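Keep in mind the model is a prediction, meaning the values are calculated, not measured.
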Amino acid sequence: MIVQEELSMVAVPSMNDTHLEESLLINKLETAAGSNDIESTLATLKELLAHTSIHFSEEESMMQETKFPSYNSHKAEHDRHLSELAHIIKYFEEKRDTNAIMAYIKGNLKAWMLDHVKTMDTLMAEHFQSANP
């Protein structure tokens with residue numbers, strides 16, 4: 001589970017709200033998979049993918065508008081993460097293996113999200129703030 005205190009706050013409040021929503025979805029996914037609830041796990045995986053796609057699209061638009069210098073590498077990381085999540089969903093649809101989802105959450109997803117916010121999103125939010133004083 002991601003506790004709110006683990007989530008780094010960035011310089012743009014709306015981004016913090018989005019990150020909190022995403023962490024709550026990850027927690028919901030962990031609860032569903034931990035309970036071996038196949039239907040809820042699949043629904044939450046799809047909800048997480050949809051939320052993350054919108055989240056990343058909004059960030060990418062702001063990066064383009066403000067001419068963020070690290071746009072290409074940041075977008076590439078977004079694309080990689082979305083692709084990974086889509087592959088996880090496809091695997092789960094075929095195998096219905098909640099243990100694999102738990103391993104993904106604990107071994108990758110949680111740490112990736114916390115690190116991405118703390119590093120890449122923090123720098124991006126500082127750029128947004130300086131571009132729009």
Side-chain angles (χ1 to χ4, degrees):
M1 292 290 176
I2 298 174
V3 294
Q4 190 170 356
E5 293 76 24
E6 290 179 287
L7 199 54
S8 297
M9 294 292 112
V10 300
V12 178
S14 63
M15 288 176 65
N16 291 324
D17 293 343
T18 301
H19 293 150
L20 180 58
E21 290 167 3
E22 199 149 314
S23 71
L24 293 172
L25 279 172
I26 292 169
N27 290 347
K28 180 180 173 184
L29 178 61
E30 187 172 350
T31 298
S35 301
N36 201 32
D37 184 337
I38 303 293
E39 295 309 315
S40 184
T41 298
L42 183 56
T44 306
L45 279 167
K46 290 179 177 181
E47 185 179 2
L48 180 61
L49 179 60
H51 184 278
T52 304
S53 295
I54 293 167
H55 163 196
F56 288 174
S57 177
E58 290 171 352
E59 284 185 359
E60 290 161 11
S61 291
M62 291 192 306
M63 285 191 276
Q64 288 177 313
E65 288 169 16
T66 62
K67 297 179 177 29
F68 182 57
S70 299
Y71 171 80
N72 289 334
S73 61
H74 200 132
K75 182 173 183 348
E77 185 58 18
H78 283 175
D79 292 346
R80 187 205 61 76
H81 180 71
L82 289 172
S83 176
E84 179 178 86
L85 190 52
H87 281 90
I88 292 291
I89 291 170
K90 185 175 185 212
Y91 174 84
F92 187 74
E93 287 174 329
E94 293 171 4
K95 305 292 184 185
R96 306 285 187 181
D97 182 1
T98 55
N99 289 327
I101 300 305
M102 289 299 287
Y104 171 65
I105 294 165
K106 292 181 179 193
N108 182 306
L109 181 60
K110 178 182 172 184
W112 180 88
M113 187 212 179
L114 293 173
D115 183 65
H116 184 78
V117 171
K118 186 177 188 177
T119 58
M120 295 183 100
D121 282 358
T122 295
L123 291 173
M124 180 182 59
E126 288 170 0
H127 170 78
F128 292 163
Q129 200 171 46
S130 67
N132 297 306

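- Going from atom CE of M63 over to atom CZ of F56 covers 9.0 Å, rounded to the nearest 0.5 Å.
- No side-chain heavy atom of M15 sits less than 4.5 Å from a side-chain heavy atom of M9.
- Residues M120 and F128 do not share a hydrophobic cluster, defined by chaining ILVMFWY side chains whose heavy atoms lie under 4.5 Å apart.
- Across S8 and V117, no two heavy atoms sit closer than the pair O-CG1, 3.4 Å.
- Once rounded to the nearest 0.5 Å, the distance linking OG of S57 with CG of L82 reads 10.0 Å.
- Atom CD1 in I2 sits 5.5 Å away from atom CE in M113 (nearest 0.5 Å).
- Distance CG/L7 to CG/D121: 10.0 Å, rounded to 0.5 Å.
- For K46, the side chain to side chain donor-acceptor pair (under 3.5 Å) test picks out E93, with sequence neighbours left out.
- No single ILVMFWY cluster, assembled from side-chain heavy atoms under 4.5 Å apart, contains both L123 and V12.
- T41 is not listed as a side-chain neighbour of R96, based on a closest heavy-atom distance of 4.5 Å or more.
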Could you walk me through whether S23 and Q4 satisfy the side chain to side chain donor-acceptor pair (under 3.5 Å) test, starting with their C-alpha distance in whole Å, then the side-chain angles of each, then the deciding distance to 0.1 Å, before giving a yes or no? CA-CA 8 Å; S23 71; Q4 190 170 356; over 6 Å; no
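- Residues satisfying the side chain to side chain donor-acceptor pair (under 3.5 Å) criterion with N27, sequence neighbours excluded, are absent altogether.
- A donor-acceptor pair under 3.5 Å is formed between the side chain of T122 and the backbone N or O of K118.
- Judged as a ring pair (Phe, Tyr, Trp, His ring centres under 6.0 Å), and not counting sequence neighbours, the contacts of H116 are H74, H78, W112.
- Every side chain to side chain contact (heavy atoms under 4.5 Å, CB included) that T119 has, sequence neighbours left out, goes to D115.
- Within the structure, the salt bridge (charged side-chain N to carboxylate O under 4.0 Å, His left out) test picks out the following pairs touching residues 2-17 (sequence neighbours left out): E6-K110.
- Among the candidates M124, K75, E59, the single residue satisfying the side-chain contact (heavy atoms from CB on, under 4.5 Å) test with F68 is M124.
- Applying the ring pair (Phe, Tyr, Trp, His ring centres under 6.0 Å) rule to pairs touching residues 30-50 yields nothing, sequence neighbours excluded.
- Annotation: side chain of L109 is not in contact with side chain of I88 (no heavy-atom distance under 4.5 Å).
- Taking the ring pair (Phe, Tyr, Trp, His ring centres under 6.0 Å) definition, one finds that H19 meets it with H55, sequence neighbours left out.
- By the ring pair (Phe, Tyr, Trp, His ring centres under 6.0 Å) test, F92 is found to be paired with no residue, residues two or more places apart in sequence or in another chain being considered.
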Solution key, residues 97-105 side-chain donor-acceptor pairs under 3.5 Å, sequence neighbours excluded:
{"from": "D97", "atom 1": "OD1", "to": "N99", "atom 2": "N", "distance (Å)": "3.0"}
{"from": "D97", "atom 1": "OD1", "to": "A100", "atom 2": "N", "distance (Å)": "3.2"}
{"from": "T98", "atom 1": "OG1", "to": "N36", "atom 2": "OD1", "distance (Å)": "2.5"}
{"from": "Y104", "atom 1": "OH", "to": "E84", "atom 2": "OE1", "distance (Å)": "3.4"}

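- Considering only residues two or more places apart in sequence or on other chains, Y71 meets the side chain to side chain donor-acceptor pair (under 3.5 Å) condition with Q64.
- With sequence neighbours excluded, the residues satisfying side chain to side chain contact (heavy atoms under 4.5 Å, CB included) with S40 are A32, D37, T44.
- The side-chain heavy atoms of L29 and E47, taken from C-beta on, include no pair separated by under 4.5 Å.
- In this structure, the side chain of H87 engages the main chain of S83 through a donor-acceptor pair within 3.5 Å.
- For the ring pair (Phe, Tyr, Trp, His ring centres under 6.0 Å) condition, no pair includes a residue of residues 20-46, sequence neighbours left out.
- Contact of the H127 side chain with the P69 side chain is registered, since non-hydrogen atoms from C-beta on lie closer than 4.5 Å.
- The distance from the CD1 atom of I89 to the CG atom of L49 is 4.5 Å, given to the nearest 0.5 Å.
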